[in-house]
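This report refers to the structure that appears directly beneath it.
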Amino acid sequence: MAHIVVLGAGTGGMPCAYELRDALGKEHEITVINERDYFQFTPSNPWVAVDWRKREDITFDIKPHLERRGIAFIPSRCEIINATDNTLVLENGDNIQYDYLVIATGPRLVFEEVEGAGPEGGNTHSICTVDHAENFRNDYFKFLEDPGQMIIGAMPFASCFGPAYEFSFIVDADLRKRKMRDKVPITYVTSEPYIGHLGLGGVGDSKGMLESEMRAHHIKWITNAKVTKVEPGLMHVEEFDDSGHKIKEHQLKFKLSMMLPAFKGAESVMSVEKLCNPRGFVFVDEYQRSPTYPNIYAAGVCIAIPPVEATAVPTGAPKTGYMIESMVTAIVHNISNELKGEKPDTKATWNAICLADMGDTGAAFVALPQIPPRNVAWFKKGKWVHMAKVAFEKYFIRKMKKGSSEPIYEKYILKMLGIGKLK
């Protein structure tokens, strides 16, 4: 009997555990370890931040749902990964032995890379966790009593730009509903070289479409922007041209700001010799395995993917839902093969698919493959995307509670977009 440990219980770790259970049967032990005892559906955090969702709508206790599928759960932070002797040391004092380890920890949020940034002792907010989204909501209610300038965007080395765009339009929509949009100037500040870059070098006409939408919604922007310091009510920004020459310095006043931070790998993962790149993201081969430790697999935001292109201000490549689902499925097939004495043979399809909510409409994009040149570069807008995002939220949460290993993107999202199966 083998023991497979999944480190992380987010949108990658939970589906991975369920798929492993279905693929391996009852003869193998599966354990999920997560620093929190609850699951949070991260894509819904922008809605929590404007009070369109409550915490209880997008979170639930993990343990009963995993245990119903015969999967053990330990709510504790992993402090040390001893990759040479296949042991994890947890914050609660437990030592956990594994035969295979799947790292699905997601990122560590490194607000400290910009002085004065972050929701904990800093001067900007985040929507990367449900706690952060609730903190924004609390300050947002105060802000509505005395509104003013708002700044939304992404810091240098950020890699997940979609939520920043979503949040800009969601806040715009919420303010319009409250008949207060005219009282809140919004500026979008981003490390991207142009609007609609998305960390992907653009997708289809994402540049033109998003620029048009931001103009229509009266959202100003600064691109190639390096935030250097955030003081209370004042953001210091250096603006560069595409060649990397500084062309302007901005001191932007604000009353409320949400800036997505840069990511790094989890500290326990980052400290393992030869497992990660300098920013703590896990190196993987074509089968999602560590080249140094072949019984360690990784999926999701925690893996190392090089930027699509060099940019004047550093940006990273996003890992979207379909890509993560594909990584998880590949890992499950390959571990199953190894346990049967066969070689790994399944590769993930690193294609980018995203449904981005825009408050009362939305945008969907497909990049196949993620890195240009592409076979498919598709970008569409419409109210149907907003409705699809709502439906996706409810279906994914229900799937996680039910313990289903059904591939959502492959079975539903691609059909809904009229694309068919991607290879």
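Because only heavy atoms are used, hydrogens play no part in the values below, and waters and symmetry mates are left out as well, while side chains stay in.
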Proximity of Phe161 and Tyr188 rings by center, below 6.0 Å: no

Geometric cation-pi criterion, Lys226 with Phe157: 6.0 Å, 45°: no

Sub-3.5 Å donor-acceptor pair from the side chain of Tyr287 to the main-chain atoms of Thr346, do we have one? no

Reported CD1-to-OH distance for the pair Ile30 and Tyr100, which is rounded to 0.5 angstrom: 13.0 Å

Expected output: side-chain Ser191 to main-chain Met155 donor-acceptor under 3.5 Å: yes

Would you indicate whether Glu79, at its atom CD, is surrounded by more than 12 heavy atoms from other residues, nucleotides or ligands within a distance under 6.0 Å? yes

Indicate whether any N or O donor in one side chain lies under 3.5 Å from an N or O acceptor in the other, for Trp47 and Asp357. yes

Give the intermediate values and the outcome of side chain to side chain donor-acceptor pair (under 3.5 Å) for residues Tyr165 and Glu192. CA-CA 12 Å; Tyr165 284 104; Glu192 298 162 274; 2.9 Å; yes

Whether the Ser126 and His132 side chains hold a donor-acceptor pair (N or O, under 3.5 Å, no angle test) is what I'd like checked. yes

If every non-hydrogen atom of Cys276 is compared with every non-hydrogen atom of Met270, which pair is closest and at what distance? SG-CA, 4.0 Å

Taking the six-membered ring for Trp, are His245 and Phe240 closer than 6.0 Å centroid to centroid? no

Nearest heavy-atom contact between Gly106 and Val301 is CA-CB, 4.2 Å

Atom CE of Met180 with >12 non-hydrogen neighbours under 6.0 angstrom: yes

Would you give the length of the straight line joining atom NZ of Lys381 to atom NE2 of His386, rounded to the nearest 0.5 angstrom? 12.5 Å

Thr187 side chain to Gln149 side chain, donor-acceptor N/O pair below 3.5 angstrom: yes

Between His65 and Phe60, is the ring centroid distance below 6.0 Å? yes

Which atoms form the tightest heavy-atom contact between Thr105 and Cys302, and what is the distance? OG1-CB, 3.7 Å

Under 3.5 Å, is there a donor-acceptor pair between the side chain of Glu239 and the main chain of Ala225? no

Whether the side chain of Asn351 engages the backbone of Met323 through a donor-acceptor N/O pair (distance < 3.5 Å, no angle test) should be reported. no

Is any NZ, NE, NH1 or NH2 atom of the basic residue among Lys248 and Glu238 found under 4.0 Å from an Asp or Glu carboxylate oxygen of the other? no

Do Glu309 and His197 meet the criterion of a side-chain donor-acceptor pair at a distance under 3.5 Å? yes

Look up atom OG1 in Thr84 and atom CG in Asn86, then write down how far apart they are to the nearest 0.5 Å. 8.0 Å

Chi angles and distances behind the salt bridge (charged side-chain N to carboxylate O under 4.0 Å, His left out) call for Lys142, Glu145: CA-CA 5 Å; Lys142 299 174 186 176; Glu145 297 173 2; over 6 Å; no

Looking only at heavy atoms, what is the nearest atom pair of Ile324 and Gly300, with distance? CG1-CA, 3.7 Å

Between Phe281 and Phe263, is the ring centroid distance below 6.0 Å? no

Less than 4.0 Å between a side-chain N and a carboxylate O, is that true for Lys246 and Asp241? no

Is the cationic atom of Arg55 (NZ for Lys, CZ for Arg) positioned less than 6.0 Å from the six-membered ring centroid of Tyr38 and within 45 degrees of its normal? yes

Nearest 0.5 angstrom please: Gln40 CD to Asn45 CG, how far? 6.0 Å

Do the charged groups of Glu113 and Arg279 touch, with an N to O distance under 4.0 Å? yes

Does the side chain of His236 pick up a donor-acceptor pair with the side chain of Glu231 at under 3.5 Å? yes

In short, Ile152 meets Ala164 closest at the heavy-atom pair CG2-O, 3.7 Å

Verdict with reasoning, Arg181 to Asp172, per side chain to side chain contact (heavy atoms under 4.5 Å, CB included): CA-CA 7 Å; Arg181 181 64 180 89; Asp172 170 86; 2.6 Å; yes

Indicate the ring-plane relationship of Phe39 and Phe396, choosing parallel, tilted or perpendicular according to the 30° and 60° boundaries. parallel

Would you tell me whether Glu393 and Ser44 have side-chain atoms, one donor and one acceptor, within less than 3.5 Å of each other? yes

Decide if atom NZ of Lys399 counts as having more than 12 heavy atoms of other residues, nucleotides or ligands within a radius under 6.0 Å. yes

Within 6.0 angstrom of Gln251 CD, more than 12 heavy atoms from elsewhere: yes

What distance do Ser212 atom OG and Asp205 atom CG have between them, rounded to the nearest 0.5 Å? 9.0 Å

Give me the atom names and distance for the closest heavy-atom approach of Ala298 to Ile331. O-CD1, 3.5 Å

Cationic N near anionic O, under 4.0 Å, Lys179 to Asp182: no

His125 vs Asp139, test: side chain to side chain donor-acceptor pair (under 3.5 Å). Steps then yes/no. CA-CA 9 Å; His125 283 276; Asp139 280 356; 2.8 Å; yes

Cation-aromatic face contact Lys177/Trp52, 6.0 Å, 45 degrees: yes

Taking atom types as modelled, is there a side-chain donor on Ser326 or Thr349 under 3.5 Å from an acceptor on the other? yes

